[in-house]
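Worksheet for the structure shown next.
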Amino acid sequence: MDVFTQILFGSFCLGLSSIIHIAVLLAAISVLRLIHYHVGENQFLKPALLLATALAAVVFGHTVQVWLWAAAFMINGALPTLADAIYFSLVTYTTVGYGDVTVGPETRIFGAMAAVTGVLNFGLSTAFLVRLIAKLWPNDVERG
């Protein structure tokens with residue numbers, strides 16, 4: 001894959017991943033509202049359900065994106081097996097980058113786009129969770 005194709009295909013995957021992540025977070029917000037309005041004011045149950053739902057949504061969104069990137073690595077022939085593609089996608093998306101499984105020079109820029117995707121979408125997840133926690137315990141957050 002030439003440099004331009006790597007950037008183009010990588011940008012497409014990055015954009016699709018971000019759209020998926022935003023859609024998952026928006027769906028989670030709808031579910032969180034339902035929980036908020038339909039679960040009693042139990043001081044443990046309600047916050048626990050809200051946090052569990054939010055965390056499940058975040059984990060689901062990131063998992064779908066790792067699978068999307070794994071599929072992209074398989075489609076362009078960058079990695080030989082599904083296990084290698086999932087593993088490489090996960091360690092690249094999370095920017096751990098162990099280096100024990102790598103892609104060739106013809107797809108390195110494309111691979112780096114997976115890391116950019118992870119950084120951006122982990123930022124969205126962090127903001128989402130911080131906002132939820134601030135809503136659940138506003139006095140605790142303000143006191144520091």
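Keep in mind that what you see is a predicted model, and the values were worked out from it rather than measured.
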Can you check side chain to side chain contact (heavy atoms under 4.5 Å, CB included) on Leu32 and Phe128, steps first, answer last? CA-CA 12 Å; Leu32 292 172; Phe128 176 74; 3.8 Å; yes
Steps toward side chain to side chain contact (heavy atoms under 4.5 Å, CB included) verdict (Phe4, Ile109): CA-CA 10 Å; Phe4 179 74; Ile109 294 170; over 6 Å; no
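Note on residues 10-52: pairs passing ring pair (Phe, Tyr, Trp, His ring centres under 6.0 Å), not counting sequence neighbours, are His21-His62.
Atom OG of Ser18 is separated from atom CG of Leu124 by 7.0 Å, given to the nearest 0.5 angstrom. Distance CZ/Phe88 to OG1/Thr107: 7.0 Å, rounded to 0.5 Å. Met74 CE to Ile86 CD1: the interatomic distance, rounded to the nearest 0.5 Å, is 9.0 Å. Note that the CE atom of Met113 and the SG atom of Cys13 stand 8.5 Å from one another [nearest 0.5 Å]. Considering CG of Leu51 and NZ of Lys46, their distance stands at 13.0 Å, rounded to 0.5 Å. Separating the CG atom in Leu25 from the OG atom in Ser30 is a distance of 11.0 Å, to the nearest 0.5 Å.
Among the candidates Ile29, Leu132, Ile35, the single residue satisfying the side-chain contact (heavy atoms from CB on, under 4.5 Å) test with Thr53 is Ile35.
Under the 4.5 Å side-chain contact rule for hydrophobic residues, Val64 and Leu55 do not share a cluster. Residues Val24 and Trp67 fall into different hydrophobic clusters, defined by Ile, Leu, Val, Met, Phe, Trp and Tyr side chains chained together at heavy-atom separations under 4.5 Å. In this structure, Leu16 is not a member of the same hydrophobic cluster as Val58, with clusters built from ILVMFWY side-chain heavy atoms closer than 4.5 Å. Criterion: ILVMFWY side-chain heavy atoms under 4.5 Å apart, direct or through other members. Under it, Leu26 and Val31 are part of a common hydrophobic cluster. The cluster map of Ile, Leu, Val, Met, Phe, Trp and Tyr, joined by side-chain heavy atoms under 4.5 Å apart, puts Ile20 and Phe73 in the same cluster.
Between Val39 and Leu50 the shortest side-chain heavy-atom distance does not fall below 4.5 Å. By the 4.5 Å heavy-atom criterion applied to side chains, Phe122 and Thr94 are counted as neighbours.
Looking at every heavy atom in both residues, Leu129 comes nearest to Ala54 through CD2-CB, 3.8 Å. Closest heavy-atom contact between Thr117 and Trp69: OG1-CZ2, 3.2 Å. Looking at every heavy atom in both residues, Phe110 comes nearest to Gln6 through N-OE1, 3.0 Å. Heavy-atom minimum distance, Thr102 versus Leu79: O-CD2, 3.7 Å. In terms of heavy-atom proximity, Val66 sits nearest to Ser89 at O-CB, 3.5 Å. Looking at every heavy atom in both residues, Asn121 comes nearest to Gln65 through ND2-OE1, 2.6 Å.
Counting non-hydrogen atoms of neighbouring residues, nucleotides and ligands closer than 6.0 angstrom, the OH atom of Tyr87 exceeds 12 such neighbours.
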